[in-house]
Amino acid sequence: MQVAFNKILKEDFALVLPYLKKLYEVPPADDILGKRLLEMFDQNYECFGIYKEDRLIGVFGLWFMTRHYAGRSCEVDHIFIEEAEQGRGVGKTLLAYIHKYAAAKGCETMELNSYVENFRSHKFYMELGYIIRGYHFLKKL
């Protein structure tokens with residue numbers, strides 16, 4: 001399958017919002033989600049669109065940081081691929097692209113989070129060599 005991965009610039013953030021909202025059971029209001037996303041662009045975050053025949057079929061984000069336990073690291077964030085395009089090799093092509101892109105930026109490791117109940121993604125990531133190293137905890141303040 002021919003897909004392309006193109007950066008989405010800060011000024012085009014609105015393209016990403018409909019996809020981010022699909023990741024929530026109850027999404028935040030558009031203004032809150034938009035404000036958060038705009039702030040992310042100023043914090044070592046890069047956003048990309050997944051395109052098939054010039055049509056946006058998904059999005060993902062990447063965070064770049066150095067961690068004491070992992071060295072220079074890339075953390076994949078909010079991968080969303082339209083359901084009709086899932087199971088067609090887009091995910092494998094996407095992760096291969098991300099791995100190459102992160103390595104070119106000097107990253108030594110990759111990290112990601114996956115919702116506990118998303119068993120399908122766990123299997124997918126483990127097949128690509130990812131291991132489960134812990135739990136991600138969250139507390140609202």
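As the structure is a prediction and not an experimental result, all values here were calculated from the model.
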Less than 4.5 Å apart, any side-chain heavy atom of [X] and any of [Y]?
X      : Y      : value
Leu62  : Asp77  : no
Tyr51  : Asn6   : yes
Asp42  : Lys10  : yes
Ile79  : Leu95  : yes
Phe41  : Leu9   : no
Ile131 : Tyr125 : no
Leu56  : Ile50  : no
Cys47  : Phe13  : no

Side-chain heavy atoms under 4.5 angstrom apart, residues restricted to Ile, Leu, Val, Met, Phe, Trp, Tyr: same cluster for [X] and [Y]?
X     : Y      : answer
Ile8  : Leu94  : no
Val16 : Leu112 : no
Val59 : Leu33  : yes
Phe80 : Leu128 : no
Leu23 : Ile57  : no

Practice task
Name all pairs fulfilling the salt bridge (charged side-chain N to carboxylate O under 4.0 Å, His left out) condition that reach into residues 90-113, sequence neighbours left out, sorted by first residue then second.
Solution key: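 Sorted result for residues 90-113: Glu46-Lys105, Arg67-Glu111.
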Problem - Pairs flagged by salt bridge (charged side-chain N to carboxylate O under 4.0 Å, His left out) wherever residues 117-135 is involved - sequence neighbours left out - result: Lys123-Glu127
Practice task
For Gly61 and Tyr45, work out which heavy atoms get closest and say how close.
Solution key: CA-CE1, 3.7 Å
Handout entry: Partners passing ring-ring contact (aromatic ring centres under 6.0 Å, His included) against Phe124 (at least two apart in sequence or in another chain)
Key = none
Could you give the distance from [atom1] ([X]) to [atom2] ([Y]), rounded to the nearest 0.5 Å?
X      : Y      : atom1 : atom2 : result
Met65  : Ser73  : CE    : OG    : 5.5 Å
Met126 : Ile132 : CE    : CD1   : 4.5 Å
Glu39  : Leu37  : CD    : CG    : 10.5 Å
Trp63  : Asn44  : CH2   : CG    : 8.0 Å
Leu20  : Leu15  : CG    : CG    : 11.0 Å
Gln2   : Thr93  : CD    : OG1   : 9.0 Å

Exercise for the section: Would you please indicate yes or no on a ring centroid separation below 6.0 angstrom for His99 and Tyr130? Expected result: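 Aromatic pair counts; centres sit under 6.0 Å.
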Exercise for the section: Taking the six-membered ring for Trp and the full ring for Phe, Tyr or His, determine whether the centres of Phe48 and Tyr101 are under 6.0 Å apart. Expected result: yes
Completion exercise
Sequence neighbours excluded, the answer for side chain to side chain contact (heavy atoms under 4.5 Å, CB included) partners of Asn113 is Glu75, His136
Exercise for the section: Take atom CD of Glu53 as the centre, draw a 6.0 Å sphere, and report whether it contains more than 12 heavy atoms from other residues, nucleotides or ligands. Expected result: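 No, CD of Glu53 has 12 or fewer neighbouring heavy atoms, counting only those of other groups under 6.0 Å.
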Exercise for the section: Step through the shown structure and confirm whether more than 12 heavy atoms of other residues, nucleotides or ligands are within 6.0 Å of CD on Glu83. Expected result: no
Practice task
Applying side chain to side chain donor-acceptor pair (under 3.5 Å), name anything that partners Thr66, two or more places apart in sequence or on another chain.
Solution key: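 With neighbours one apart ignored, the set is empty.
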Exercise for the section: May I have all residue pairs that pass side-chain hydrogen bond (donor to acceptor under 3.5 Å, both in side chains) and include part of residues 23-37, sequence neighbours excluded? Expected result: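 Checked against side-chain hydrogen bond (donor to acceptor under 3.5 Å, both in side chains) - neighbours excluded - the pairs reaching residues 23-37 are Lys21-Asp30.
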Practice task
For Ser121 and Asn118, indicate whether the former's side chain and the latter's backbone hold a donor-acceptor pair under 3.5 Å.
Solution key: yes
Exercise for the section: Is it possible for you to check whether Lys22 lies under 6.0 Å from the centre of the six-membered ring of Tyr19, through NZ or CZ, and within 45° of that ring's axis? Expected result: yes
Practice task
For the pair Lys52 and Glu82, find out whether any cationic side-chain nitrogen is under 4.0 Å from an anionic carboxylate oxygen.
Solution key: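 Salt bridge flag = no for Glu82 with Lys52.
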Practice task
Indicate the ring-plane relationship of Tyr97 and Phe60, choosing parallel, tilted or perpendicular according to the 30° and 60° boundaries.
Solution key: perpendicular
